Structure formats: C-alpha cells, structure tokens
Amino acid sequence: MANFSLSLRRARKSSKEERAANQARFKEILGIVRKYDLKDGLTPEMTVELIQDLGTTFVKLGQIASTHPDMLPPEYCEALGALRTNARPLEFSVVKEQIESEFGKPLDELFGCFDEEPLGSASIAQVHKAQLPGGEVVAVKVQRPGVVETVTNDLAIMERIVEILDLVSKNKGGLSLKELVAELVKTSMEELDFANEESNLDRFYRNNEPREGVNSPKCYHEFSTSSILTEDFVEAPPVEQIGEMGKSDDERDELAYRIAHNYMQQIMEDGFYHADPHAGNIMILDDGGIEWIDFGMMGTITSTQRDTIKELIMALVKGDAYSLKRAVLKVATPTGALDHAKLLEACEGVVEQFIDVDLEEFDTSQLMDSITGTLENQGMDIDPFLTNLGRGLVTLEGTIRLVSPRLNIMNVLVDYLRSGFDAGGVERMAKKFVGQAVDSAAALVTLPAKAEQTLDMVQKGHVKIGMELSSNEKFSRDIRAAAGLVAIALIAMGLVIGACILGASSSAVTLGGVPLFGGLGLVVGVGLAVYVFVKIRPYLK
C-alpha cells in the first residue's frame with residue numbers, strides 16, 4: 001500500500017492534470033462548497049453539514065478529526081462526533097486478500113488461526129482476533145483497501161479549491177475551510193499510516209515495561225506494515241465498566257492512584273504520554289494492574305517544558321503570583337507590547353481563585369481554562385504543548401472521577417513533584433545547586449542592564465515605586481562591591497552544598513578514601529566563604 005505522504009504528493013500532482021475523473025470530482029466538490037456562505041468561517045454545525053454533503057470520504061475524515069482534540073477546538077470535535085458510527089464490516093474475503101497482498105503469503109501460513117468475525121469495524125480499518133504460529137494471541141488491525149488513495153485524492157482536490165477561492169475566515173472564532181482541510185491532512189496522515197502507531201506502541205511499551213502494575217500491548221513488527229498492525233490481544237474490562245466489577249472503595253482508590261501516578265510518570269519522566277486517556281482506553285487487569293490501549297493519539301513534552309510545568313503548579317500551590325508570572329512567560333508569547341503590571345495583576349487573580357481550594361477539590365478543567373483565558377485576555381499566544389497537555393489532563397480527570405471520586409489528580413501531581421526523583425536524581429541535584437550559584441553570580445553581573453529595564457518600566461508606568469534614592473560615586477562603588485561579595489558567597493554556598501551531595505554519592509571518585517571532587521569543592525567553597533567573612537567583618541562591628 002502506498003505511503004500516505006507519497007500518495008498525497010501524487011494526488012496533488014494528479015489533481016492539476018486534465019483527467020476526466022479528476023475534473024468531474026473537482027466540479028462536484030466545488031459545487032458543494034459554493035452552496036455555503038464561508039466568508040465568516042465555519043461553525044461546528046456548518047462543518048458537519050458540509051462534510052456530510054461532500055460524501056463518504058469526508059465523513060471518514062470527520063470521524064478521524066473528531067478524535068483529535070489536540071488539533072481541533074473541542075466544540076468542533078464534539079460536533080464531528082455525531083459522524084462516528086460503526087461501519088459496515090468488510091467481507092472476510094476482502095480482509096484475507098488485503099493481508100495476503102501485503103505479506104505475499106497465504107493467510108494460514110502467517111497465522112495459526114484467524115477469526116473471520118471482526119472484533120470491531122470502523123471507516124478506516126477493522127480489527128480481528130488471531131493467533132501467531134508461536135501461540136501468541138493477537139489483535140490484527142486491517143486497513144480498508146484503497147482508503148489512502150481515495151482520501152488523498154479528495155484532499156488534494158480540496159486543497160486546490162481552497163487555493164483557487166482563497167477561502168480564509170474573516171471573523172473571530174470561526175474555522176475557515178482552509179484551516180479545516182489543513183487539520184484533516186494532519187489527522188489523516190497520523191491515522192492512515194499505521195507505521196506511526198507502530199512506533200508509538202514500541203516507545204510506550206519500552207517506557208512502561210519496568211513499571212510494576214502498568215502494561216501495554218507489544219507490537220509484532222514481522223506481522224505489521226503501513227496498513228496492517230499486529231499487537232497483543234488484551235482481554236480485560238475497560239475502566240468504563242468499573243461500576244459493574246464490585247470493587248471496594250479502597251480498591252478503587254488504589255486503581256485511580258495507579259492510573260494518575262503513571263500518567264505523571266509519562267509526562268514528567270518519559271516526555272511521551274497518552275493524549276486520550278479516557279475510560280475506554282485503560283483496561284483493568286485481574287491483579288489490579290492497568291493496561292493502556294489505542295496509541296493513535298500521543299503527546300510529547302521536552303525537559304524544558306516539564307520544568308515549566310513544575311514551576312506553574314508549585315507557584316499555584318504556594319500562592320506565588322510572581323513565580324506564576326515568570327512561568328507563564330515561558331509558555332506564552334506576547335503578540336504586542338507586554339504590560340507587566342497587568343499580567344502580574346491577572347496572575348494574582350488566578351492565584352486568589354485557587355489559593356484557598358484544597359488539593360482534593362481542585363478542578364483541573366477550571367484551572368486550565370483560567371490560565372489559558374488569562375493569557376488570551378492579555379493578547380498572548382499559548383504554546384500548543386500546554387493546550388494539548390491540558391486537554392489530556394482534563395480527560396484524565398474525568399476518568400479518575402469515574403474510578404474514585406475521592407482522588408484528585410492535582411493531589412497526585414503535587415505529591416509526585418515533591419517526591420519524584422529517578423536513579424540519577426542525586427547527581428543532577430548537585431549539578432543544579434552549583435549551576436544555580438553560577439547563574440546567580442551571572443545575574444548579578446547583569447544587574448545594571450536589568451536595572452535599566454526596570455527604570456524603563458517605571459518611566460512607562462508599568463511599575464510604580466514609593467521611595468527615592470540619592471546616588472553618588474561612592475555609593476555606586478559600595479553597591480558594586482557588595483554585589484560582588486554576594487556573588488562570591490552564592491558560589492561558595494553552591495560549592496559546599498554540591499560537595500556534600502557528591503560526597504554522599506556512591507559513585508563518587510575517591511582518593512585515599514576521600515571523595516576527590518567533593519573534597520576539592522569543599523576546600524574551595526570554605527576558602528571563598530572565609531574570604532567573604534573577612535571582607536564584611538568591619539561592617540559587623
């Protein structure tokens with residue numbers, strides 16, 4: 001089967017050629033588009049009507065798009081959800097022919113047995129239970145023949161129509177036809193090439209294999225292609241059936257904690273998380289463990305972004321509006337002149353909204369809406385990673401509430417942030433202490449420039465102060481000397497703390513039984529501390 005990207009390139013080229021079939025389909029789609037008044041953009045309802053009028057291919061695309069809240073606004077996903085219906089199953093002879101053409105072998109040579117009745121059927125693919133020659137019970141996802149070529153051909157025609165008509169939304173909030181087609185291309189590329197899901201399966205399996213009580217299906221690469229995906233068959237009830245399982249409150253609490261804690265591990269340790277953690281995608285195993293399924297939608301987050309998330313959460317927990325302001329400036333970009341005073345005031349509003357709320361009562365959805373709403377009101381563009389992560393956390397919150405109303409994911413998240421260190425945490429902590437000391441010294445060196453920026457803010461009215469400073473040359477020299485001593489003191493503190501931590505590490509290099517680098521850092525740090533003490537001693541009398 002053709003790769004989606006390659007097939008789309010061919011379709012784009014073909015759509016511009018004077019072929020009778022292409023021209024007929026082009027005129028048909030163009031006539032449908034012209035029936036709609038698109039100058040003000042597409043509402044969710046208009047989007048559904050347009051997709052239905054465009055026919056089977058676009059209904060399929062709408063079904064795919066409805067499962068991607070990371071790419072389309074929630075109200076559009078909800079409207080497109082009405083298009084999701086169980087598709088008519090493929091004849092088994094078609095499934096058999098599709099598999100045999102992909103692998104070039106008879107079906108009975110590939111599998112020990114293969115159930116003719118599908119476990120489920122959708123517009124893009126259907127799933128069958130089978131057994132490999134080695135005895136492994138698997139689920140085989142088989143793509144419908146010709147679906148890639150059909151979808152890419154219609155998408156290429158739609159792109160050409162958009163290009164010709166230059167349909168761009170003129171209002172606020174409306175989805176333009178150009179934006180809709182662009183999102184359909186993205187979602188189709190992910191869903192129609194099973195190689196993406198195969199890669200997701202592998203990465204998620206590797207990340208969670210060492211974790212007790214957390215499982216995910218293993219992919220069988222020798223029985224998978226870009227249109228066939230073979231993975232472990234999971235025979236267990238989904239979380240959405242928790243009410244029928246007769247579990248006690250304590251068992252439900254434990255299960256909910258395991259799900260939430262593992263999700264924190266996915267985000268904060270792996271940087272690769274399940275973007276659709278609803279109750280149907282998590283299975284409950286007999287031993288109380290969980291198994292994740294369906295890896296078509298995944299999210300990624302960098303180490304820098306993870307640090308920013310920590311800053312955001314801890315600033316809210318501590319009620320620190322200044323720290324919250326610093327954190328949000330890392331996840332949002334001003335579209336115009338930034339009013340620091342107004343942004344700080346807005347952050348204070350967010351803090352006040354949640355400072356008196358117990359962690360057990362935190363509403364993640366309300367929190368994310370408050371943060372994103374604040375940033376949007378300040379005219380700032382939000383980093384997509386925060387929006388995607390927020391949607392995942394809100395979905396997870398609904399799942400956790402279903403399992404155990406007594407547990408709140410914010411409580412689990414804060415608990416994780418306070419105590420979670422992996423095996424290399426001690427060494428990294430030492431580096432961080434030393435690094436922070438050096439950064440502090442560097443910050444003091446740049447103090448004059450920052451002071452100039454602050455004065456500029458004062459001049460523009462962004463910051464107001466209620467005191468006066470008289471300055472002379474001696475005063476300036478004293479300030480610079482004091483800043484230098486503070487910088488040296490910070491470096492000394494960092495070296496001493498770092499030396500103590502490194503000395504306690506089992507992997508430390510020793511010389512005569514004494515930690516080499518720890519001892520050296522301690523000597524230098526103490527020496528610097530003595531120097532600072534001698535310099536400031538006259539002022540202590």
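Fair warning: this is a prediction, and the values are worked out from it, not measured in the lab.
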Among Lys141, His221, Gln143, the one residue meeting side chain to side chain contact (heavy atoms under 4.5 Å, CB included) with Leu229: Lys141
Would you say that Glu291 contacts Pro217 through its side chain, given a criterion of any heavy-atom pair below 4.5 Å between the two side chains? yes
Pairwise distance OG1(Thr335) to CE(Met380) - rounded to 0.5 angstrom: 8.5 Å
Backbone N or O of His128 within a donor-acceptor pair of the Asp115 side chain at under 3.5 Å? no
How long is the gap from CD on Glu212 to CG on Asp287, to the nearest 0.5 Å? 9.0 Å
Would you please test Met298 and Arg203 for side chain to side chain contact (heavy atoms under 4.5 Å, CB included) and show each step? CA-CA 11 Å; Met298 304 300 292; Arg203 185 174 177 182; over 6 Å; no
So, do Asn208 and Asn215 sit near enough that their side-chain heavy atoms are less than 4.5 Å apart? no
Min side-chain heavy-atom separation Tyr263-Val412 under 4.5 Å: no
For the residue pair Arg144 and Ser121, what are the closest heavy atoms and their distance? NH2-OG, 3.0 Å
With a 4.5 Å limit on heavy-atom distance, are the side chains of Leu386 and Thr308 in contact? no
In Å, rounded to the nearest 0.5 Å, how long is the span from CD of Glu102 to CD1 of Ile228? 5.5 Å
Between Ile293 and Gly280, which heavy-atom pair has the shortest distance, and what is it? CD1-O, 3.7 Å
Is any side-chain heavy atom of Lys330 less than 4.5 Å from a side-chain heavy atom of Glu311? yes
Which word best sums up how the rings of Phe204 and His274 line up, parallel for under 30°, tilted for 30 to 60°, or perpendicular for over 60°? perpendicular
After noting the C-alpha distance and the side-chain angles of Leu329 and Leu338, does the key distance pass the side chain to side chain contact (heavy atoms under 4.5 Å, CB included) rule? CA-CA 10 Å; Leu329 285 174; Leu338 177 62; 3.8 Å; yes
Answer with yes or no whether the side chains of Ser303 and Arg306 bring together a donor and an acceptor at under 3.5 Å. no
Might you work through the side chain to side chain contact (heavy atoms under 4.5 Å, CB included) test for Thr300 and Phe385, ending with a clear yes or no? CA-CA 8 Å; Thr300 57; Phe385 100 85; over 6 Å; no
Are there more than 12 heavy atoms of other residues, nucleotides or ligands under 6.0 Å from atom CD of Gln241? yes
With heavy-atom distances below 4.5 Å as the criterion, would you say the side chains of Ile309 and Ile267 are in contact? no
Taking the side chain as every heavy atom from C-beta outward, state whether Ser199 and Phe295 have any pair of such atoms under 4.5 Å apart. no
Could you tell me which non-hydrogen atom of Gly392 sits nearest to which non-hydrogen atom of Pro277, and how far apart they are? O-CG, 3.4 Å
About how many Å separate NE2 of His261 and CD of Gln266, when rounded to the nearest 0.5 Å? 11.5 Å
Hey, could you give me the CZ/CD1 distance between Arg252 and Ile400, rounded to the nearest 0.5 Å? 11.5 Å
Parallel, tilted or perpendicular: which one describes the rings of Phe223 and Phe111, with boundaries at 30° and 60°? tilted
Tell me whether Asn281 contacts the main-chain N or O of Asp276 through its side chain, where contact means a donor paired with an acceptor under 3.5 Å. yes
Looking at every heavy atom in both Ala327 and Leu312, which two are closest together, and how far apart are they? CB-CD2, 3.7 Å
Any chance CD of Glu254 has more than 12 other-residue heavy atoms, nucleotides or ligands included, within less than 6.0 Å? no
For the backbone of Thr230 and the side chain of Ser224, can you confirm whether one donor and one acceptor N or O come within less than 3.5 Å of each other? yes
Closest approach of Cys347 to Leu324 (non-hydrogen atoms, all atoms of both residues): O-CD2, 3.7 Å
Nearest heavy-atom pair of Cys219 and Asp202: which atoms, and what distance? CB-OD1, 3.9 Å
Spatial distance of atom NZ (Lys310) from atom CE (Met268) [nearest 0.5 Å]: 5.0 Å
Can you check side chain to side chain contact (heavy atoms under 4.5 Å, CB included) on Val328 and Val350, steps first, answer last? CA-CA 12 Å; Val328 298; Val350 174; over 6 Å; no
Are side-chain heavy atoms of Phe194 and Thr225 found at a separation under 4.5 Å? no
Only one of Asp294, Asn262, Val403, Ile290 clears side chain to side chain contact (heavy atoms under 4.5 Å, CB included) with Ile282; which? Ile290
Out of Arg258, Arg406, Lys247, which one pairs with Asp253 under the side chain to side chain donor-acceptor pair (under 3.5 Å) rule? Arg406
